[in-house]
Engineer: 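Let me begin by handing over the structure; questions about it come next.
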There are 2 protein chains.
Amino acid sequence: MKVEEALQILKEHGYKYTGKREEMIRICAEEKRYLSAKDIMERIKELYPTLSFDTVYRNISTFVQLGILEETELDGEGKFRLACSADGHHHHHVICTECGKTSSLPGCPMNVMASVPEDFQVTGHKFEVYGMCKECVSHAN
Amino acid sequence: MKVEEALQILKEHGYKYTGKREEMIRICAEEKRYLSAKDIMERIKELYPTLSFDTVYRNISTFVQLGILEETELDGEGKFRLACSADGHHHHHVICTECGKTSSLPGCPMNVMASVPEDFQVTGHKFEVYGMCKECVSHAN
DNA sequence: CCTTTAAATCGGATTTGTTCTGATTTGTCA
DNA sequence: TGACAAATCAGAACAAATCCGATTTAAAGG
């Protein structure tokens with residue numbers, strides 16, 4: 001997803017444009033990596049030094065609801081990245097547990113794996129592979 | 001996994017036997033369901049009304065380390081259930097997001113899905129299907 | 001432009017889940 | 001039984017996230 005698309009989605013849903021929102025999205029768009037709310041806060045302070053963490057959290061959760069950000073949970077805190085499923089088709093990620101960097105996996109287990117018991121009404125699924133990226137492996141020495 | 005097996009594992013690793021530990025494991029063994037630390041606390045208070053939450057958390061994390069409990073994260077809090085992978089072979093679950101009840105899925109996407117990029121050193125993976133179980137669907141009306 | 005209004009933000013207090021700490025109790029083994 | 005290490009207690013401390021009332025601001029209409 002591009003920054004412009006994200007802003008378009010906000011507009012379509014009647015949310016107002018603010019520089020802070022754009023900057024948050026821009027920060028997430030810079031990297032194929034999961035960022036924590038704190039990460040985003042730190043980076044946005046360069047441009048908006050007084051921004052309150054309430055704003056960051058509130059906007060993040062708006063973005064997640066609108067499908068602009070994807071969310072996961074690592075080390076007991078929420079991590080976020082610009083949604084990419086929207087771009088092409090639905091897929092999943094390998095995630096570096098050190099730095100949050102991601103790499104796409106083709107396909108989805110839901111298509112491949114046959115039987116989901118019919119006494120459950122399925123609402124979603126999660127498939128994530130965890131590991132360490134090249135860079136973090138070498139840093140760890 | 002059975003309660004006795006779990007106690008055996010504790011013993012093998014040099015952990016002491018305590019009634020509180022046994023009761024915690026027993027509580028988890030009662031249901032094929034993910035329980036929160038709070039759930040476990042409430043239930044264990046019947047037998048040990050003064051038990052501190054520190055003990056519960058500490059024991060839970062010991063159990064997870066030893067592979068006695070499986071952990072996941074739902075609604076921003078840790079949930080736990082008696083490990084069953086140990087029994088047969090490795091597999092995954094459908095989880096009811098309302099009550100935590102689980103049902104097994106045969107197989108593992110890691111076997112089925114071919115390519116994990118070789119610039120990641122894989123350390124683990126997670127595959128969970130979410131939904132509502134029959135009971136919770138009907139209660140929701 | 002100016003006004004109006006609802007949405008967004010601020011700053012800090014609050015809540016919630018979890019971990020830490022130091023003192024005390026309790027298994028276990030010699 | 002005694003001694004020691006491990007387990008537990010009680011509550012303080014912590015960190016992530018949410019809530020709240022007051023203030024500011026985007027944007028739509030006159």
Side-chain angles (χ1 to χ4, degrees), chain A residues 6-27 34-66 68-69 71-81 97 100, chain B residues 6-27 34-66 68-69 71-81 97 100:
Chain A
L7 293 174
Q8 184 57 31
I9 293 175
L10 278 171
K11 198 170 192 177
E12 279 165 13
H13 286 78
Y15 289 93
K16 291 183 179 167
Y17 168 86
T18 73
K20 288 157 194 179
R21 281 181 173 158
E22 172 167 351
E23 184 59 16
M24 283 181 64
I25 293 168
R26 195 173 295 286
I27 286 167
Y34 276 96
L35 298 175
S36 68
K38 212 190 298 173
D39 291 334
I40 297 174
M41 288 241 294
E42 277 174 21
R43 301 204 193 176
I44 207 173
K45 292 245 159 127
E46 292 171 21
L47 223 67
Y48 299 98
T50 68
L51 176 123
S52 87
F53 51 81
D54 179 66
T55 300
V56 173
Y57 278 110
R58 195 169 16 72
N59 283 338
I60 283 176
S61 86
T62 301
F63 295 162
V64 170
Q65 276 188 353
L66 294 178
I68 293 172
L69 291 186
E71 179 174 15
T72 192
E73 196 265 336
L74 240 54
D75 305 318
E77 65 179 347
K79 308 263 190 168
F80 310 90
R81 56 159 293 159
T97 49
Chain B
L7 294 174
Q8 185 57 32
I9 293 174
L10 279 171
K11 198 170 191 177
E12 279 164 13
H13 286 79
Y15 289 93
K16 292 183 179 168
Y17 169 86
T18 73
K20 288 158 193 177
R21 283 182 173 159
E22 172 166 352
E23 184 59 14
M24 283 181 64
I25 294 169
R26 197 174 294 285
I27 287 167
Y34 276 96
L35 298 174
S36 68
K38 212 191 296 174
D39 292 335
I40 296 174
M41 288 239 296
E42 277 174 21
R43 301 204 193 177
I44 207 172
K45 291 245 160 126
E46 292 171 21
L47 223 65
Y48 299 98
T50 69
L51 178 124
S52 87
F53 52 83
D54 177 67
T55 300
V56 173
Y57 278 109
R58 193 168 16 73
N59 282 338
I60 283 177
S61 85
T62 300
F63 296 161
V64 170
Q65 276 189 352
L66 295 177
I68 293 171
L69 292 186
E71 179 173 17
T72 191
E73 196 266 336
L74 239 55
D75 304 319
E77 64 179 347
K79 308 263 192 171
F80 310 90
R81 55 158 294 158
T97 49

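Lettering follows sequence order; numbering is per chain, from 1.
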Engineer: Which heavy atom of B:Glu71 sits nearest a heavy atom of B:Tyr34, and at what distance?
Structural biologist: C-CE2, 4.2 Å
Engineer: Between D:dT8 atom C1' and B:Tyr17 atom OH, what is the distance in whole Å?
Structural biologist: 15 Å
Engineer: Over how many whole Å does the gap from B:Leu10 atom CG to D:dA6 atom C1' extend?
Structural biologist: 13 Å
Engineer: Closest to the A:Tyr57 side chain: D:dT8, D:dT18, D:dA7?
Structural biologist: D:dT18
Engineer: Start at the 5' end of DNA chain C and walk down; is the nucleotide closest to B:Lys16 or to B:Gly76 reached first?
Structural biologist: B:Gly76
Engineer: What closest approach, in Å, do B:Leu51 and B:Lys45 show between heavy atoms, and which atom pair accounts for it?
Structural biologist: O-CE, 3.7 Å
Engineer: Short question: side chain of A:Arg21, backbone of A:Lys16 - any donor-acceptor pair under 3.5 Å?
Structural biologist: yes
Engineer: Rounded to the nearest angstrom, tell me the gap between atom CG in A:Asp54 and atom P in D:dC20.
Structural biologist: 11 Å
Engineer: Classify B:Arg58 by what it touches in the nucleic acid, base, sugar-phosphate, or nothing, heavy-atom distance under 4.0 Å.
Structural biologist: base
Engineer: To the nearest angstrom, how far is B:Lys11 atom NZ from D:dA6 atom P?
Structural biologist: 17 Å
Engineer: If I take atom CZ in residue A:Arg21 and atom P in nucleotide D:dT25, what distance separates them, rounded to the nearest angstrom?
Structural biologist: 15 Å
Engineer: Between B:Phe53 and B:Gly14, name the one whose nearest nucleotide on DNA chain D is closer to the 5' end.
Structural biologist: B:Gly14
Engineer: Can you confirm whether the side chains of B:Asp39 and B:Ser36 place a donor and an acceptor under 3.5 Å from each other?
Structural biologist: yes
Engineer: Pick base, sugar-phosphate or nothing for A:Ser52, based on heavy-atom distances below 4.0 Å to the nucleic acid.
Structural biologist: base
Engineer: For a quick check of understanding: with a heavy-atom distance under 4.0 Å over all strands, which category does A:Tyr15 fall into, base, sugar-phosphate or nothing?
Structural biologist: sugar-phosphate
Engineer: Name the nucleic acid region contacted by B:Ser36, choosing base, sugar-phosphate or nothing; use a 4.0 angstrom heavy-atom cut-off, strictly under.
Structural biologist: nothing
Engineer: Could you tell me the separation between the CD1 atom of A:Ile60 and the C1' atom of D:dA16, rounded to a whole number of Å?
Structural biologist: 11 Å
Engineer: Check the distance between D:dA7's C1' and B:Leu66's CG and give it to me in whole angstrom.
Structural biologist: 15 Å
Engineer: Which heavy atom of A:Leu35 sits nearest a heavy atom of A:Ile27, and at what distance?
Structural biologist: CD1-CG2, 4.0 Å
Engineer: With a 4.0 angstrom cut-off to heavy atoms of chain A, pull out the first and last contacting nucleotide of DNA chain C, in 5'-to-3' order.
Structural biologist: C:dA6 to C:dA13
Engineer: How close do B:Val56 and B:Ala37 get, heavy atom to heavy atom, and via which atoms?
Structural biologist: CG1-O, 4.0 Å
Engineer: When we call it a touch if two heavy atoms are under 4.0 Å apart, what does B:Gly78 touch: a base, just sugar-phosphate, or nothing?
Structural biologist: sugar-phosphate
Engineer: Just wondering, do A:Ile9 and A:His13 contact through their side chains at under 4.5 Å, heavy atoms?
Structural biologist: yes
Engineer: Under the criterion side chain to side chain contact (heavy atoms under 4.5 Å, CB included), I'd like the reasoning laid out for A:Thr55 against A:Arg58: C-alpha separation, chi angles, the key distance, then a yes or no.
Structural biologist: CA-CA 5 Å; A:Thr55 300; A:Arg58 195 169 16 72; 3.3 Å; yes
Engineer: Side chains of B:Tyr17 and B:Glu22, heavy atoms from C-beta outward: is any pair under 4.5 Å?
Structural biologist: yes
Engineer: Where along residues 40-49 of chain A does a heavy atom come under 4.0 Å from DNA chain D, residue by residue in number order?
Structural biologist: none
Engineer: Report the distance from atom CG of A:Leu35 to atom P of D:dA16, rounded to the nearest whole Å.
Structural biologist: 15 Å
Engineer: Specify the residue among B:Gly19 and A:Thr55 whose closest nucleotide of DNA chain C lies further upstream toward the 5′ end.
Structural biologist: A:Thr55
Engineer: Please examine the side chains of A:Phe63 and A:Leu10, heavy atoms only from C-beta on, and report whether any two atoms are closer than 4.5 Å.
Structural biologist: yes
Engineer: For a quick check of understanding: with a heavy-atom distance under 4.0 Å over all strands, which category does A:Thr50 fall into, base, sugar-phosphate or nothing?
Structural biologist: sugar-phosphate
